[in-house]
Amino acid sequence: MNVTAKNHDEVSALLTVTLEKADYKDKVEKQLINYAKNAQVPGFRKGKVPLSMVRKQYEAGIAFEEINKQVSEALNGYVNENKLRLVGQPVPQPVNDFNHNAESLSVAFEVGYEPEFTVDLTKYEAPHYKVEASDKEISTSVENMQKRFAERVAEEKIGKDSYVALEVSQVVEADAEGEHNHAPKNITVSKEQKEAYDLVKKLKKDGSVKVSKEDLVAKEELAKQLGFSKEEAEHLHHNEVEVTVKDIYGLNLAELNQELFDKVYGKDVITTEEELKARVKTELDEYFQQNADVHFVNKILEQVNEKEEIKLPEEFLIKWLLFSNQNITSEEQAKEILENEKNIIKGQILEGKLMNDNEINLDYAEVLGQAEQLVRNQLAIYGIHHLGDDEVQKYAAEMLKDENQVRQISSEVAMAKLKDVILEKSKKNETAISHDEFLEVLKK
């Protein structure tokens with residue numbers, strides 16, 4: 001068995017795997033003998049089927065599977081041994097005359113790989129904001145805690161401080177054919193959701209108002225507040241939705257006392273209002289700073305992507321797109337898609353290179369730790385801050401049974417490690433600003 005490479009340029013090559021018959025002959029023969037021992041053919045007792053008959057029927061298929069396996073192993077071995085960082089997947093060239101009895105067989109693959117380059121993060125710089133929570137933001141956060149544990153008070157009509165439970169249903173036209181099982185959306189709005197609140201504020205309980213699909217598409221914020229993404233609004237099956245008031249209530253906020261402190265943080269963790277506000281400020285500052293760090297890292301990566309010259313294996317990528325996606329039917333179409341995706345591919349190569357050069361690796365404990373943090377974040381939304389570590393770990397382990405979740409969480413851990421590297425090595429132009437000012441920066 002042998003693998004040879006013919007370079008087209010510094011980022012693409014033709015890899016040819018050559019197998020001698022001796023590489024796979026014995027394994028094929030062994031499988032044929034096992035088939036013969038277990039084959040059940042009318043007219044023959046089990047295990048007495050002539051090997052010649054089994055060979056005639058099964059040899060080509062067994063040989064193909066074994067050859068395919070050995071070719072794949074040889075190709076992967078060559079890529080790993082030569083530390084090639086592939087872009088896309090190898091594209092096999094057609095084999096016009098496959099003969100498993102030939103003394104040797106060759107299978108060729110087009111491959112594209114990342115160029116050799118280095119990135120010096122120390123030459124890049126960006127603003128790094130120090131964001132602190134204001135008294136107003138701390139008070140709002142404390143009030144949200146009080147709302148989570150507030151007592152509901154039924155109301156007869158909608159007032160400026162009311163909460164309105166709505167049911168949003170698609171209106172099926174009288175002449176519509178077939179079944180129409182569109183589950184209604186149940187949402188709650190207040191004056192903070194201005195567009196939806198203004199829509200229903202003059203209604204009484206069980207009153208309703210209709211909104212056209214056209215309006216939902218044109219008024220994206222209203223659609224969002226009624227529970228529809230832009231895509232959902234555009235693809236509604238019917239021309240109207242009906243918004244019905246199901247309940248109206250106010251809130252008697254929970255008092256700022258030990259009972260509330262214990263519900264939020266656990267027994268006697270917080271004992272005074274001052275301690276609560278200090279804890280909330282610390283949490284908000286940490287959250288704001290995480291966002292500021294991510295903003296800094298994104299600005300550095302934008303600069304790296306813009307300034308670093310990365311040669312892509314474009315001719316190979318066109319072949320790969322045509323090979324791997326049956327919806328791409330022409331070279332012109334593949335070229336257009338590649339042109340639109342170039343920056344994304346380049347960004348992925350740069351991130352991979354930075355992780356590789358800075359020896360960013362993952363282990364299960366880190367992925368589990370991130371899953372546990374995601375569980376805690378989710379629980380915190382519902383005001384649960386003190387679930388035991390064993391319970392949190394149990395939920396996290398259950399989450400990691402999903403391959404997509406593992407992939408997503410692993411990516412988050414890797415990016416968090418890369419973020420730390422960029423924060424350490426790139427130059428930070430430190431600037432202190434309020435959270436409102438930071439939000440304005442994010443809009444630019």
Side-chain angles (χ1 to χ4, degrees), residues 1-32 58-117 310-328 331 334-335 337-338 341-342 344-346 348-353 355-357 359-362 403 406-407 410-411 414:
M1 191 185 322
N2 187 37
V3 182
T4 57
K6 179 182 178 183
N7 289 338
H8 300 314
D9 52 35
E10 63 267 37
V11 289
S12 63
L14 182 71
L15 302 184
T16 302
V17 181
T18 301
L19 294 182
E20 303 299 327
K21 188 175 182 179
D23 292 325
Y24 57 86
K25 178 182 176 182
D26 290 346
K27 292 184 178 180
V28 172
E29 193 68 19
K30 183 177 179 180
Q31 288 193 57
L32 285 171
Y58 296 108
E59 183 177 27
I62 293 173
F64 178 80
E65 288 184 9
E66 183 60 32
I67 290 168
N68 189 54
K69 176 186 173 185
Q70 292 196 19
V71 167
S72 179
E73 289 175 351
L75 186 66
N76 290 334
Y78 182 89
V79 169
N80 292 332
E81 184 180 339
N82 289 275
K83 297 180 180 178
L84 299 181
R85 295 177 60 83
L86 296 185
V87 180
Q89 298 295 323
V91 177
Q93 289 194 333
V95 178
N96 296 323
D97 185 22
F98 176 78
N99 179 5
H100 65 277
N101 283 318
E103 291 304 316
S104 67
L105 286 169
S106 292
V107 185
F109 297 84
E110 296 282 357
V111 296
Y113 43 86
E114 299 175 10
E116 288 295 328
F117 65 97
I310 307 295
K311 180 176 174 61
L312 296 178
E314 294 188 23
E315 290 187 14
F316 163 77
L317 286 170
I318 291 168
K319 295 175 185 176
W320 177 63
L321 287 169
L322 285 165
F323 172 76
S324 62
N325 192 328
Q326 62 182 4
N327 295 320
I328 301 174
E331 188 172 315
K335 286 180 178 178
I337 291 172
L338 177 60
E341 299 291 328
K342 271 184 183 179
I344 295 174
I345 296 171
K346 182 181 175 184
Q348 291 171 342
I349 290 174
L350 282 165
E351 287 178 11
K353 178 66 173 174
M355 289 182 187
N356 188 62
D357 287 355
E359 299 180 347
I360 294 175
N361 299 303
L362 306 181
E403 288 186 9
V406 173
R407 194 177 301 112
S410 297
S411 175

Roughly how far apart are Ile345 CD1 and Leu350 CG, rounded to 0.5 Å?
12.0 Å
Without swapping roles, check the side chain of Asn325 against the backbone of Leu321 for a donor-acceptor pair under 3.5 Å.
no
Taken to the nearest 0.5 Å, the spacing of Ile349 CD1 from Glu114 CD works out to 5.0 Å
Test of understanding: with salt bridge (charged side-chain N to carboxylate O under 4.0 Å, His left out), list the residues that count as partners of Lys353, not counting sequence neighbours.
Asp357
Look only at the side chain of Ser72 and the backbone of Asn68, and say whether a donor-acceptor pair between them is shorter than 3.5 Å.
no
For Val11 versus Pro115, what's the shortest heavy-atom pair and its separation?
CG1-CB, 3.6 Å
Supply the atom-to-atom distance Tyr58 OH to Leu32 CG, rounded to the nearest 0.5 angstrom.
10.5 Å
Leu14 versus His8, closest heavy-atom pair with distance:
N-NE2, 3.8 Å
Close side-chain approach of Gln31 and Glu66, heavy atoms under 4.5 Å
yes
If you measure from NZ on Lys342 to CG on Leu317, what distance do you get to the nearest 0.5 Å?
10.0 Å
Salt bridge present between Glu29 and Lys25 (N-O < 4.0 angstrom):
no
Validation row: Val71, Leu19 side chains within 4.5 angstrom (heavy atoms):
yes
What is the distance from atom CG of Asp23 to atom CE of Met1, rounded to the nearest 0.5 Å?
5.0 Å
Under 3.5 Å, which donor-acceptor pairs do the side chains of residues 99-108 form with other protein atoms, sequence neighbours left out?
residue: Asn99; atom: OD1; partner: Asn101; partner atom: N; Å: 3.0
residue: Ser106; atom: OG; partner: Thr18; partner atom: OG1; Å: 3.1

Value for OH (Tyr113) from CZ (Arg85), rounded to nearest 0.5 Å, stands at 14.5 Å
Check the pair Ile310, Phe117 against side chain to side chain contact (heavy atoms under 4.5 Å, CB included), reporting the backbone distance first and the verdict last.
CA-CA 8 Å; Ile310 307 295; Phe117 65 97; 3.5 Å; yes
Can you find a heavy atom in the side chain of Gln70 that is under 4.5 Å from one in the side chain of Lys27?
yes
Residue Glu20 excluded, over 12 heavy atoms near CD under 6.0 Å:
yes
Would you say the side-chain atoms of Asn356 pair up with the backbone N or O of Gly352, donor to acceptor, closer than 3.5 Å?
no
Decide yes or no for Trp320 and Pro90: does some side-chain heavy atom of the first lie under 4.5 Å from some side-chain heavy atom of the second?
no
Less than 4.5 Å apart, any side-chain heavy atom of Phe109 and any of Leu75?
yes
Enumerate the ring pair (Phe, Tyr, Trp, His ring centres under 6.0 Å) contacts for residues 60-90, please, sequence neighbours excluded, ordered by first and then second residue.
Phe64-Phe98
Can you see which heavy atom on Val87 is nearest to which on Phe316, and at what distance?
O-CE2, 3.0 Å
Got Val28 and Glu59 here, is their nearest side-chain heavy-atom distance under 4.5 Å?
yes
